[in-house]
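Presented below is the structure to which this report refers.
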Amino acid sequence: MEDLETIIGLEIHCQLNTKSKMFCSCSTDFRDNEPNTHTCPVCLGLPGSMPMVNKRAIEFALKVGKALNCTIRDESEFSRKNYFYPDLNKAYQITQYDKPLAEWGKLLIDGDNGEKEVRITRIHLEEDPGRSVHMGTTDRGKYTLVDYNRAGIPLIEIVTEPDLRSPKEARKFLNKLRATLEYLNVFDSEKEGSLRVDANISLKGSERVEVKNISSYKGVEKALTFEVTRQRNLLRRGQIVTRETRHFVEARGVTTSSRSKEEENDYRYFPEPDLLPLRVASWVDAIELPELPDARRERFISQYGVSPEHAKTLTGGLKLAEFYETVASEDPALAATWTADYLLGELNYRDFSIDAMPSDLFRELLTLIKSDTITDKSAVEILRLILDAVKDGKKPERPQEIVSRLGLAKTSGDQVTAMIQEVIAEQQAAIDDYYAGKMQALNFLVGQVMKKCRGRADPGHLNTLLKEILDKKV
Ligand SMILES: Nc1ncnc2c1ncn2[C@@H]1O[C@H](COP(=O)(O)OP(=O)(O)OP(=O)(O)O)[C@@H](O)[C@H]1O
Ligand SMILES: [Mg+2]
Ligand SMILES: [Mg+2]
């Protein structure tokens, strides 16, 4: 039972960052504004109002279609998906049904067993519903407010074939997709709720379960991991997995049943009578795609000579890739190591994005490392001081200032030699041990010199130097 194959397919809703909404001219820049201030008769769905298609949204969706190697349909069509819910003021959503804008694409990912192609079933355009804001606690004073500022924000839904084989692979797919969308400059990954995922999962031979509306990438992996265990346990106990829609409770990391298949709505789709069919396939030729993650990765390898692993990490997000290119000039290999191995670790630890690190300060830090002014250990210390200042909302000190203030400049050769002589004079017992062939004594002596210079000597160099001096004495 343990090796029952896991089958996963994703439906990803992505808000396009156009200036105005999908079918009206209301601004999409609503996040800092009062509820219901970005609305008009069209996005409120008032009787008699007529939708108009946002050309920009179509262009953005076509860009995504082209980047994901889709075929653009010669004719696509908007449809009405009918259901009643307070955040859906018209009682229908304008979406696409059997004639989506784009079909049959693919995205290359770094899968569980190496590089892998994930097929894209379709990409269609639709409008976001409004947002329900639940007030009060569950047991008392509970009521719900509705904010229609979000109603009508352009969305694309990207549906994959059930080609993913593990929760981790699903996360990798999402990371690659997010990077691609960022590079295309069609969405803003930092805006809350800009990418929402429905994750479908089954164990081979059983029904699938759909976990709806997961709003974080980590959430998708967690929800799917929970489902693998839950479904395996059901089968192990001789029960069956029922086809149902489930909800992910982020705070507890579990999924709960929200409605079973029998209760699922019949949406009574029909073609949207207020909009003409779209014939936009010919626009695709004029769309020029920017450099996408795979191409940039190859360029990083050839132009900067960074390792494939570093190149993959550094091109995993648009801002990260741009950051690297602003700091790479002096010593690309050094910059790659310090960005990918050290900086990213420190950022993740603080739940920061790359924006938190001022690139001019990082460049200065790299110069100090390259000129051998500070040790790696001191460089990490400086990095932490800068990021902690940012975290506290303070203006970070420049690396050079920190070096002077804390006296982090590497101890010079002469000073080290002097300190070694001091230690040799002080530690006769250890010296005797060393000559008696006890190699631990050397480590001890290195430690003593390090202590004297407060860690500002290069450990490898110190080791060699100390050995040289001691061996000469024999
Ligand atoms: N056996 C399976 N196990 C896991 N996922 C599957 C399986 N079969 C299909 N899927 C995935 O389920 C998703 C189906 O999405 P689609 O939008 O076509 O239909 P739906 O979920 O029934 O409709 P809705 O849009 O209302 O959610 C796809 O991502 C597909 O890859
Ligand atoms: Mg769907
Ligand atoms: Mg679905």
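Owing to the predicted nature of the structure, the values given are computational and were not obtained by experimental measurement. In listed order, ligands and their atoms are each counted from 1. Values below: all heavy atoms of this structure, side chains included; hydrogens, waters and symmetry mates excluded.
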[X] heavy atoms, cut-off 4.0 Å: which ligand 1 atoms fall inside?
{"X": "Glu210", "value": "21 (O), 27 (O)"}
{"X": "Ser202", "value": "1 (N), 2 (C), 3 (N), 4 (C)"}
{"X": "Glu161", "value": "31 (O)"}

field: Any Ile402 side-chain heavy atom under 4.5 Å of Arg398 side chain
entry: no
- Is there side-chain contact between Ile72 and Trp283, with heavy atoms separated by less than 4.5 Å? no
ask   = Between the side chains of Asp188 and Ser194, is a donor N or O closer than 3.5 angstrom to an acceptor N or O?
value = no
| Can the ring centroids of Phe60 and Phe187 be said to lie less than 6.0 angstrom from one another? | no
request  = Kindly state whether the ring of Tyr324 and the ring of Tyr304 have centres lying under 6.0 angstrom apart.
outcome  = yes
At a non-hydrogen distance cut-off of under 4.0 Å, which region of [X] contacts ligand 1 (side chain, backbone, both, or neither)?
{"X": "Leu10", "answer": "backbone"}
{"X": "Ile7", "answer": "both"}
{"X": "Lys212", "answer": "side chain"}

- Query: Taking distance alone, with no angle check, do Ile8 and ligand 1 share an N/O pair under 3.5 Å?
  - Reply: no
Q.
Does ligand 1 come near enough to Lys81 that some N or O of the ligand is less than 3.5 Å from an N or O of the residue?
A. no
Does Glu34, at its CD atom, have more than 12 non-hydrogen atoms belonging to other residues, nucleotides or ligands within less than 6.0 Å? no
Worksheet item: Crowded around Glu309 CD? As in, over 12 foreign heavy atoms under 6.0 Å?
Response: no
Quick one: does Arg122 get within less than 4.0 Å of ligand 1, heavy atoms only?
-> no
Determine, using heavy atoms of Thr160 and all atoms of ligand 1, whether some pair is separated by less than 4.0 Å.
yes
